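The structure appears below as structure tokens.
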Number of protein chains: 2
Amino acid sequence: MEEKEISRAVIKRLPRYYRYLGELLESGTERISSGELSERMQVTASQIRQDLNNFGGFGQQGYGYNVKHLHTEIGKILGLDQDYNMIIIGAGNLGQALANYVKFEKNGFLVKGLFDVNPKLKGVAVRGIVIRMTDELPAFLQEHDIQIAALTLPKQYAKEMADFLVDHGIRAIWNFAHTDLHLPEDVIIENVHLSESLMQLSYNISRYSREHK
Amino acid sequence: MEEKEISRAVIKRLPRYYRYLGELLESGTERISSGELSERMQVTASQIRQDLNNFGGFGQQGYGYNVKHLHTEIGKILGLDQDYNMIIIGAGNLGQALANYVKFEKNGFLVKGLFDVNPKLKGVAVRGIVIRMTDELPAFLQEHDIQIAALTLPKQYAKEMADFLVDHGIRAIWNFAHTDLHLPEDVIIENVHLSESLMQLSYNISRYSREHK
DNA sequence: TAGATTGTTAATCGATTAACAATC
DNA sequence: TAGATTGTTAATCGATTAACAATC
């Protein structure tokens, strides 16, 4: 039942392949070789072929890869051939920004609910999605089939909320709270830590100025 | 002049060390061993010691690490001992969310300006920061010493804007646009690709359901 | 068929972990 | 001093790159 384990490094690269293939598709390119794609993407052709061969042979010797076919296949690998229902917990600026981000919908991530504890936000609509109070969550989760919860709330509430969501059947969490969630291992967590990203930037800025002093 | 090159993997871990040390500091912990920290952070003690020793010996045999000292030192390595002036290009939902995110200010990232092309946004204030039109950028950049530009605009404008900013002296870009920027190598780029993060999540969801079918 | 390009094995490189002498 | 724990070297593991036979 268990498939061959694919390394995290490979999976992190797949969305980027998918993006480049999507752009090639839009530009009407029919086929592409690993060599040409490697030049565009600034990675080695060898890596592209290795990565793709984790999932089977999508190419053809002497020809390369059919752009449309490869795009579709990588989409399937990434699970983009189906829709996901998502809720957002924390309707602050970031939560509302995510709810407004139409691009996710295009990829099949449908925002079904937006929750907060602040009574002032109750009933406010963001792109047609009404903000509900978190105490309505149990009933909401019973009525709707939700696969993903995005956590855009202050870190001090994140752990408790994550536990609550997992208890109520959520199995995938997109975590924007600046804390590590410790959840059962069958729960999938994807972290987006913006401040850590910013610190990598400042590291490089200050390293650069140290080196050029 | 050139310091020993530190691997990206190490740098990615530094902000997490910084966070844990900050929490220990708040809780009043004075010293910690690599062994204890490794348990909390779920990494090996060996990795912690290796990582830290890239930057010199912060610990003491038989004692461990002084939490406050280590926290300060990692802060310095990350460049958090100074302030950075930042502008945000694109005052849509995400741009405004970033501008509102007070936590960055606490770490020394000061939002000095917010720019957009949409005349409807002109003069609107976000947390006291007035939204300006992008044609005011050249004058603004001349008057202010800006180190970081966050790009929260649609990808089709991102490349052009990035080139423009680099021409006007910006040397660090925090890129939220879903595209790769090709800039001179002395320009520091840190990408945050939210849709790619979401795709890693959906990959894991659909892998999980494949494996448990 | 000849040329191109994949799929795949082998070689290299880099990162992580283990081990332990140094030393507080 | 004895025990604890670092700093650092060596061993292992994994990921990337190179090479090339297979084949379209």
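So that the names make sense, note that chain A is the first sequence line, chain B the second, and so on, each numbered from 1. Just so it is clear, the structure is predicted and the values come from calculations on it, not from any experiment.
A salt bridge between B:E196 and A:K12 is absent, with no side-chain N of the basic residue lying under 4.0 Å from a carboxylate O of the acidic one. The pair B:R13-B:D51 meets the salt-bridge criterion, with a side-chain N (NZ, NE, NH1 or NH2) lying under 4.0 Å from an Asp/Glu carboxylate O. Under the 4.0 Å criterion applied to side-chain N and carboxylate O atoms, B:D180 and A:R19 are assigned as salt-bridge partners.
Separation of atoms CD (B:Q200) and CG (A:L78) is listed at 9.0 Å; rounding is to 0.5 Å. A distance of 8.5 Å separates CD1 of B:I89 from CG of B:L114, quoted to the nearest 0.5 Å. Distance check: A:H193 NE2 to A:T179 OG1 gives 7.5 Å after rounding to the nearest 0.5 Å.
Residues A:Q61 and A:R49 each lie close to DNA chain D; by heavy-atom proximity, the contact nearer the 5' end of the strand is made by A:R49. Of the two residues contacting DNA chain C, namely A:G64 and A:Q50, the nearest-nucleotide position lying further toward the 5' end is that of A:G64. Nearer to the 5' terminus of DNA chain D, by closest-nucleotide assignment, is the contact made by B:Y63 (compared with the other of A:S7 and B:Y63). With the nearest nucleotide of DNA chain C identified for both B:Q47 and A:L52, A:L52 has the one nearer the 5' end.
Nucleic acid contact class of B:S46 (heavy atoms, under 4.0 Å, all strands): base. Residue A:R13 is in sugar-phosphate contact alone, with no base atom involved, counting any heavy-atom pair closer than 4.0 Å across all strands shown.
With A:Y20 as the aromatic partner, A:R40 does not meet the cation-pi criteria of under 6.0 angstrom to the ring centre and within 45 degrees of the ring axis.
In this structure, a donor-acceptor pair under 3.5 Å is present between the side chains of A:D145 and A:Q147.
First and last contacts of DNA chain C with chain B, using any nucleotide atom under 4.0 Å from a protein heavy atom and ordered 5' to 3', fall at C:dA15 to C:dC24.
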* **Pair assignment for DNA chain D - dot-bracket with | for other-strand partners, Watson-Crick or G-U under 3.5 Å** => ..||||||||||||||||||||||

